[in-house]
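Structure, as structure tokens:
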Amino acid sequence: MTGKIQKGLVYLKNRGIREFTARAAEKLADARFDYNRWVRAQEPSPLEMGYQKSLRIGSMPKIRVMILQQEGEPVRGKAFRRTEETLRRQTYLNAELCDALTTQVSDEDLIVFVRAGDLLPPHALFELARAILDGSSCVYSDEDRYRLAKDGEREKLMLSDPLFKPDFDPDYLRSVPYIGSLFGVKAGILRRAAHILRGAAGMPAAELADPAVYYEMTLLCTELSREHVAHVPKILCHAAGRKEKIVLSQSDAGGKPQDEEAMRRQENQVRDEAFIQVLRRDLSRKGEAGIVERGRGPLCFHIRYLHPESPLVSLVIPNKDHASMLKRCLDSVCSLTTWERLEIIIVENNSSEPETFSFYDTLKEGMYRQLPVRVVRYREKGFHFSAIINEGVREAAGDYVVLMNNDVTVKTPDWIERLLSQCMREKVGAVGPKLLYPDGTVQSAGIVIGIMGFAGSMMVDGKNEDPGYMNRAAAVSRMSAVTAACMMVSREAFWRAGGFSMEFPVALNDVDFCLRLGEAGYHVLFEPTAELYHHESASRGYENSREKSKRFENEKRHFRKKWEKTLKEGDPHYNPNLSLRTCHYEINAGVPKWLICG
């Protein structure tokens, strides 16, 4: 107990009263957390549900619910009736069951798909209808899983495995079919999608029970909506556990059934191949060239986009002293990187060690192991990371620039090809790889705004082979920011966003830059298949001295003030139900947001 008290006092001294209080509140909430109770607490009160029933808003749509039944399920069987019963208890009264898109269905009606056996809480349809009042044509929600447990003579609903999803992200959707069991789309959009996929005959509702067909429909409907897709960050669907259909086949010798695990693997391969074909057709419809691959996680895929151009890429590496570290970085890049159109720009920043200048002398010929290298000098005194980066990008000749710390080394030989695959796409401004510590654990899988009250890297210290929550560490997805320890950026986008801001000399300049990229209309992507090692802060040291800590606190304060609105609204690529005190997509057990973000 004494040790814990001492540890708490050290935390209080180093982090301050606000973070100490938030941490204590989180520990207390975690100890008492009950997910089933948490879900019930999120649901509207009887008074609120009565208000929802009485509310009449002319612009709220007629909802028509299609219950999708898997092949082999009895028509209007037990699973269907269980879902139907939850529909009868809805507070949104302008809704009815529907089994076909007839001519009587208006283009503005909202068609809501739900799978037989899934349960909808009473406010589900009301929330979907309200969400599309902003002009969205599609809508989805968070969900979880349920099972029925015996409680004496009664069955008790037990909830688990919540899926707290980001706001709509077409890149993540092309990696993971995350939209899920409950999906609403305006009838006019659905008609267009069905015509594209099946011609004038349209698409029978029964076909949509096939997961691959459903996935293709969600991809096409969200595209036709021009990404006007609403997300309700509430648990509006309790999904039934799906029984996997195991196809028994006979072995060649003896006629005994195959090992069940082997059959399950075979079924998953068939399922994955169907999804891969969906993604290939999606690329073809959009006129994009790409290679679709299986991802590292379950139901996870990766698209490697192909481009006819082979642009020059400029590596900008800031450096002060630490010649051996810089040499290790360059040796790694030169010996492992497969991309040939590459130049390296070292931005010299007030070095003083003779070994550093001796190493620079070896680069005077402008080459290092067959790659062109230049050393440019940052003339100002002191360390100002933003100014150093801007100086290096000004010197760059490439259309694409990689900002790289001198304590980074290469793991994936074709890492530049993989970053370019994403960065050369329209409206993509910056792409970050997965960064690993030297021991192979994760150092950064993208950055979320609001973590620890400002911003933080995700999946820190996680195992590299772990795909993470909802495959977030294994899937290409949009992020609010990626770290400049290694970041590819379009040079045009870099200057359109104004470069790195002089407001942030040391910390949070990369996050600020990425947020300004977003304001300029660009997307920031995380590309997990490009991996590099980051020997973090090895050259400059950690923010652990009194002077460095004070400077860091000042920059955090300035960041919070500048991006106050963003912090209050929350990161759209995260979820308000997830904790801002951890970096592993864990549920917020009850720590108020104001205690963390101010």
Name all residues meeting the ring pair (Phe, Tyr, Trp, His ring centres under 6.0 Å) criterion together with Y360; count only those two or more places apart in sequence or in a different chain, and write none if there are none. F357

State the CE-CG distance between M459 and L436, to the nearest 0.5 angstrom. 12.0 Å

Salt bridge present between E426 and K286 (N-O < 4.0 angstrom): no

Tell me whether R472 forms a cation-pi arrangement with Y172, defined as NZ or CZ under 6.0 Å from the six-membered ring centre and within 45 degrees of its axis. yes

Could you tell me whether E391 and R394 make a salt bridge, using a distance below 4.0 angstrom between a side-chain N and a carboxylate O? yes

Exam field: side chain S480 to backbone I449, donor-acceptor pair closer than 3.5 Å: no

K556 with E553: basic N within carboxylate O range, under 4.0 Å: yes

Would S477 and D169 satisfy side chain to side chain donor-acceptor pair (under 3.5 Å), going step by step from the backbone distance to the final call? CA-CA 7 Å; S477 62; D169 178 350; 4.7 Å; no

Is the backbone of S351 close enough, under 3.5 Å, to the side chain of T356 for a donor and an acceptor to pair up by distance? no

Among residues two or more places apart or on two chains, list those pairs meeting salt bridge (Lys or Arg N to Asp or Glu O under 4.0 Å) that have a residue in residues 334-345. E343-R374

side-chain contact (heavy atoms from CB on, under 4.5 Å) evaluation trace for L580 with M452: CA-CA 6 Å; L580 295 174; M452 300 303 291; over 6 Å; no

Audit row: I587, Y35, side-chain contact (heavy atoms from CB on, under 4.5 Å) steps and yes/no: CA-CA 9 Å; I587 192 170; Y35 176 68; 4.0 Å; yes

Does the separation of the ring centres of F454 and F559 fall below 6.0 angstrom? no

When you measure from the side chain of T337 to the backbone of V333, do you find a donor-acceptor pair of N or O atoms at a distance under 3.5 Å? yes

Please lay out, stage by stage, how V316 and M404 fare under the test side-chain contact (heavy atoms from CB on, under 4.5 Å). CA-CA 6 Å; V316 172; M404 178 184 277; over 6 Å; no

Any H535 side-chain heavy atom under 4.5 Å of P438 side chain: yes

Counting only heavy atoms not in R369 (residues, nucleotides, ligands), do more than 12 fall under 6.0 Å from its CZ? yes

So, for Y533 and V410, which heavy atoms are closest and what is the spacing to 0.1 Å? CD1-O, 4.2 Å

Aromatic ring proximity, centroids under 6.0 angstrom, Y215 and F275: yes

Out of the candidates D167, D171, D571, only one should pair with R478 under the salt bridge (charged side-chain N to carboxylate O under 4.0 Å, His left out) rule; please name it. D171

Have E503 and S501 got a donor and an acceptor in their side chains that come within less than 3.5 Å? yes

Could you pull out all residues at least two apart from R418 that satisfy side chain to side chain donor-acceptor pair (under 3.5 Å)? D414, T529

Could you tell me the separation between the CG atom of D510 and the CD1 atom of I389, rounded to the nearest 0.5 Å? 9.5 Å

Any side-chain to backbone donor/acceptor pair from S457 onto I447? Under 3.5 Å, distance only. no

Between CG on residue L363 and NZ on residue K327, distance to nearest 0.5 Å: 10.5 Å

Can a donor-acceptor pair be found, under 3.5 Å and without considering hydrogens, that links the side chain of E555 to the backbone of A507? yes

When you measure from the side chain of N509 to the backbone of V506, do you find a donor-acceptor pair of N or O atoms at a distance under 3.5 Å? yes

Report the distance from atom CE of M502 to atom NE2 of H384, rounding to the nearest 0.5 Å. 4.0 Å

Would you call the rings of F164 and W38 parallel, tilted or perpendicular, taking 30° and 60° as the class edges? perpendicular

For N575 and D142, test the side chains for any donor-to-acceptor distance below 3.5 angstrom and give the result as yes or no. yes

With a 4.5 Å limit on heavy-atom distance, are the side chains of V489 and C423 in contact? no

Please give me the minimum heavy-atom distance between A497 and L517, naming the atom from each residue. CB-CD2, 3.8 Å

Tell me yes or no: between the side chains of N588 and N577, is some donor less than 3.5 Å from an acceptor? no

Are E417 and R304 ion-paired here, with the side-chain N under 4.0 Å from a carboxylate O? no

Contact between M470 and K165 at the side-chain level, heavy atoms closer than 4.5 Å - yes or no? yes

Between N554 and R551, does any side-chain donor sit less than 3.5 Å from a side-chain acceptor? no

Using only atom types and a distance under 3.5 Å, with no angle test, would you say the side chain of N349 pairs donor to acceptor with the backbone of I388? no

Do L342 and L312 come close enough that some side-chain heavy atom pair is under 4.5 Å? no

Let me confirm one number: the CD-CZ distance from E223 to R285, rounded to the nearest 0.5 Å. 7.0 Å

Taking every heavy atom of P162 against every heavy atom of Y469, the minimum-distance pair comes out as O-OH, 2.8 Å

Taking the side chain as C-beta and beyond, is there a heavy-atom pair between V176 and L173 under 4.5 Å? no

How far apart are the closest heavy atoms of V401 and R491, and which atoms are they? CG2-CB, 4.2 Å

Look at the side chain of N319 and the backbone N and O of L326, then say whether any donor-acceptor pair between them is shorter than 3.5 Å. no

Verify whether the ring centers belonging to H231 and Y140 lie closer than 6.0 Å. yes

No-hydrogen, no-angle side-chain donor-acceptor test under 3.5 Å, D331 and Y368: yes

Specify the closest pair of heavy atoms between D321 and S352, including all atoms of both residues, with the distance to one decimal. OD1-N, 2.9 Å

For E227, is there any backbone N or O sitting under 3.5 Å from a side-chain donor or acceptor partner on S225? no

Between D407 and H534, is any side-chain donor less than 3.5 angstrom from a side-chain acceptor? yes

Carefully, step by step, assess W415 and L532 under the rule side-chain contact (heavy atoms from CB on, under 4.5 Å). CA-CA 8 Å; W415 65 284; L532 295 96; 4.0 Å; yes

Check whether the ring centres of F494 and F513 lie less than 6.0 Å apart, and answer yes or no. yes

Any luck finding a side-chain donor-acceptor pair between E569 and T566 under 3.5 Å? no

Give me the ring orientation class for Y574 and Y585: parallel if the planes are under 30° apart, tilted from 30 to 60°, perpendicular past 60°. tilted

Using side-chain heavy atoms (C-beta onward) and a distance below 4.5 Å, is F500 in contact with V393? no

Output for pair (T582 OG1, I451 CD1), nearest 0.5 Å, gives 6.5 Å

L330 and I346, any side-chain heavy atoms less than 4.5 Å apart: yes

I'd like to know if the side chain of N464 pairs up with that of K434 as donor and acceptor (distance under 3.5 Å, no hydrogens or angles considered). yes

Specify the closest pair of heavy atoms between G290 and L283, including all atoms of both residues, with the distance to one decimal. O-CD1, 3.9 Å

Give a yes or no on whether a salt bridge exists between E564 and K568, defined as a side-chain N under 4.0 angstrom from a carboxylate O. yes

Please check if the side chain of S332 supplies one atom and the backbone of R328 the other of a donor-acceptor pair under 3.5 Å. no

